[in-house]
Number of protein chains: 2
Amino acid sequence: MESYSHPPFNITIQAVRTVSRQFANTTTLLHETIARQAGLSPTDLKYLELIIQKGQMTAGELAHLTGLTTGAITGLIDRLQKKKLVKRQYAKDDRRKVFIVPITANTSRILEPLTHPQSEKILRHLQSFDEGELLTILHFFNGINEANLSAIHQISRAKGGQGATL
Amino acid sequence: MESYSHPPFNITIQAVRTVSRQFANTTTLLHETIARQAGLSPTDLKYLELIIQKGQMTAGELAHLTGLTTGAITGLIDRLQKKKLVKRQYAKDDRRKVFIVPITANTSRILEPLTHPQSEKILRHLQSFDEGELLTILHFFNGINEANLSAIHQISRAKGGQGATL
DNA sequence: CTGATTGTCTTAGTGGCTAAGATATGGTAT
DNA sequence: ATACCATATCTTAGCCACTAAGACAATCAG
């Protein structure tokens with residue numbers, strides 16, 4: 001009887017759904033905690049990370065990417081600039097455009113102490129899996145991400161289709 | 001001697017980190033999309049889900065759980081009550097206390113059409129894994145969640161220790 | 001019964017958001 | 001060049017959820 005040593009399949013599936021939801025929750029909460037500790041709002045940190053990840057971009061591109069209005073972007077840049085985490089750089093070829101340039105060194109100095117221990121812990125956890133297991137996890141995430149993106153697209157399309165394009 | 005470098009291994013680990021971050025992002029974005037489509041703010045939906053998940057509770061308990069002030073909770077309940085998604089129920093034994101009772105039927109009617117297709121898709125994805133693979137995924141999530149919670153606790157403790165207890 | 005405590009609501013003030021329009025630059029047709 | 005329209009960002013007014021502080025009502029302790 002394998003049911004002695006193995007929980008029923010459906011129960012395991014339900015367990016995965018539960019812990020993956022918890023993962024989203026704890027990850028969001030950790031992000032907010034880090035932001036508050038870094039003296040930023042959660043959204044400001046989120047968009048700062050986006051700027052760093054995508055590299056320098058214009059205010060308009062960021063507005064489109066985040067789904068925020070240009071007015072909100074102006075305020076966002078103002079706040080980040082005051083903290084020396086980004087700077088405005090006016091384009092030479094088109095002086096209307098303003099590039100938002102991340103000052104990565106300053107951001108790292110603030111964030112790294114907060115994230116480093118956690119990052120190491122997760123690395124060790126990941127190293128406890130073998131290559132095949134990691135590929136399973138990778139495959140799991142890829143499927144969910146694909147489903148999430150298509151659901152976002154589909155639901156947005158149903159009615160007022162505006163929002164972030166992250 | 002550092003020659004035991006498995007070339008693909010570190011790359012796979014990095015890939016898992018990337019897709020798990022994307023998972024958090026797409027999940028959050030999907031949640032916001034669903035909320036907007038349901039006529040709720042993302043935070044209102046988040047807290048409504050919490051009320052449903054934990055079952056009925058008093059306003060003060062919700063305030064403690066979410067990290068919001070009691071004033072914010074009053075506003076939250078007002079908004080959800082106006083939409084008939086929760087109701088206030090004054091405790092018999094202590095008439096200061098107000099229980100927030102979720103009206104699950106109304107919430108389901110609004111949310112289910114939005115979430116059902118996605119839920120089915122994810123179920124099918126999960127069913128494509130065998131039991132052992134699901135247990136691997138489960139183990140992965142459990143480790144991360146534990147690390148996240150301890151990091152939240154540790155970072156919060158470092159300075160102003162206030163926030164949600166979700 | 002009195003005074004302190006508890007649980008929720010109310011009020012005033014703050015901050016980030018949107019919508020709309022101002023400002024400045026760039027592109028195009030004549 | 002000139003006039004005109006388009007584009008990119010900033011500015012302004014108003015909104016809404018939040019916090020902080022305190023009001024109010026119910027409960028508890030001596």
Side-chain angles (χ1 to χ4, degrees), chain A residues 28-29 32-33 35-36 38-48 50-51 56-83 85-101 160-164 166, chain B residues 29 32-33 35-36 38-48 50-51 56-83 85-101 159-164 166:
Chain A
T28 302
L29 192 52
E32 287 171 7
T33 306
R36 192 169 41 233
L40 294 168
S41 73
T43 57
D44 281 8
L45 176 56
K46 179 171 139 192
Y47 297 139
L48 175 59
L50 183 66
I51 294 165
Q56 90 175 187
M57 70 184 82
T58 67
E61 286 165 359
L62 184 58
H64 180 253
L65 219 58
T66 59
L68 295 180
T69 60
T70 61
I73 294 296
T74 298
L76 170 68
I77 303 173
D78 286 347
R79 292 191 299 277
L80 293 178
Q81 194 173 37
K82 200 182 305 183
K83 293 186 158 68
L85 301 177
V86 305
K87 61 182 172 186
R88 283 181 166 88
Q89 191 168 287
Y90 298 89
K92 291 196 199 86
D93 61 320
D94 182 346
R95 292 200 330 227
R96 293 169 305 177
K97 287 186 181 171
V98 47
F99 281 105
I100 310 163
V101 182
Q162 61 172 344
L166 308 178
Chain B
L29 192 52
E32 287 172 8
T33 305
R36 192 170 42 235
L40 295 168
S41 73
T43 58
D44 281 7
L45 176 56
K46 178 171 139 193
Y47 297 137
L48 175 59
L50 183 65
I51 294 165
Q56 89 175 190
M57 71 184 84
T58 67
E61 286 165 358
L62 184 58
H64 180 253
L65 219 59
T66 59
L68 296 181
T69 60
T70 61
I73 294 297
T74 298
L76 170 67
I77 303 173
D78 287 347
R79 292 191 298 277
L80 292 178
Q81 194 173 36
K82 200 181 306 181
K83 293 186 158 67
L85 301 177
V86 304
K87 61 182 174 188
R88 283 182 166 87
Q89 191 167 286
Y90 297 89
K92 291 196 196 84
D93 62 320
D94 182 346
R95 292 196 331 226
R96 293 168 305 177
K97 288 186 181 172
V98 47
F99 281 104
I100 310 163
V101 182
K159 224 171 68 177
Q162 62 171 342
L166 308 178

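Each chain gets a letter, A, B and so on, in the order its sequence line appears, and its residues count up from 1.
Sorted by first and then second residue, the pairs that involve residues 69-79 of chain A and meet side chain to side chain donor-acceptor pair (under 3.5 Å), not counting sequence neighbours, are A:D44-A:R79, A:D78-A:R88.
Remark: B:I77 CD1 to B:L48 CG distance equals 12.0 Å, nearest 0.5 Å. Separating the CD1 atom in A:I51 from the CG atom in A:L85 is a distance of 9.5 Å, to the nearest 0.5 Å.
Of the possible polar contacts, none joining the A:E32 side chain to the A:L29 backbone as a donor-acceptor pair under 3.5 Å is found.
The side-chain hydrogen bond (donor to acceptor under 3.5 Å, both in side chains) search around A:Q89 returns none, not counting sequence neighbours. For A:R95, the salt bridge (Lys or Arg N to Asp or Glu O under 4.0 Å) test picks out no residue, with sequence neighbours left out.
Counting to the nearest Å, the P atom of C:dT8 and the CD atom of B:Q89 are 14 Å from each other. Between the P atom of D:dA17 and the NZ atom of B:K82 lies a distance of 9 Å, rounded to the nearest Å. Between the CG atom of B:D44 and the P atom of D:dA17 there is a distance of 7 Å, rounded to whole Å. Protein atom OH of A:Y47 is 11 Å distant from nucleotide atom C1' of C:dG16, rounded to whole Å. Distance A:E61 CD to D:dT9 C1': 13 Å, rounded to the nearest Å. The nearest whole Å value for the distance from the CG atom in B:L68 to the C1' atom in D:dA20 is 14 Å. Between B:L76 atom CG and D:dC16 atom C1' the separation is 14 Å, expressed in whole Å. Taking atom CD of A:E32 as the reference point, atom P of D:dC18 lies 12 Å away to the nearest angstrom.
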Return the polar atom pairs (N/O with N/O) between nucleotides 24-29 of chain C and the protein under 3.5 Å, or none.
from, atom 1, to, atom 2, distance (Å)
C:dT25, OP1, A:R95, NH2, 3.4
C:dT25, O2, A:R96, NH1, 3.3
C:dG26, OP1, A:R95, N, 3.0

Chi angles and distances behind the side-chain contact (heavy atoms from CB on, under 4.5 Å) call for B:Y47, B:L68: CA-CA 11 Å; B:Y47 297 137; B:L68 296 181; 3.6 Å; yes
side-chain contact (heavy atoms from CB on, under 4.5 Å) between B:V98 and B:T58, worked out: CA-CA 5 Å; B:V98 47; B:T58 67; over 6 Å; no
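Residue A:S41 is classed as having no contact, given no heavy-atom separation below 4.0 Å to the nucleic acid.
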Under 4.0 Å protein heavy-atom contact, by nucleotide of nucleotides 9-15 of chain C - B base, S sugar-phosphate only: BB-----
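The two residues A:A164 and A:T66 come nearest to each other via the heavy atoms CB-O, 3.3 Å.
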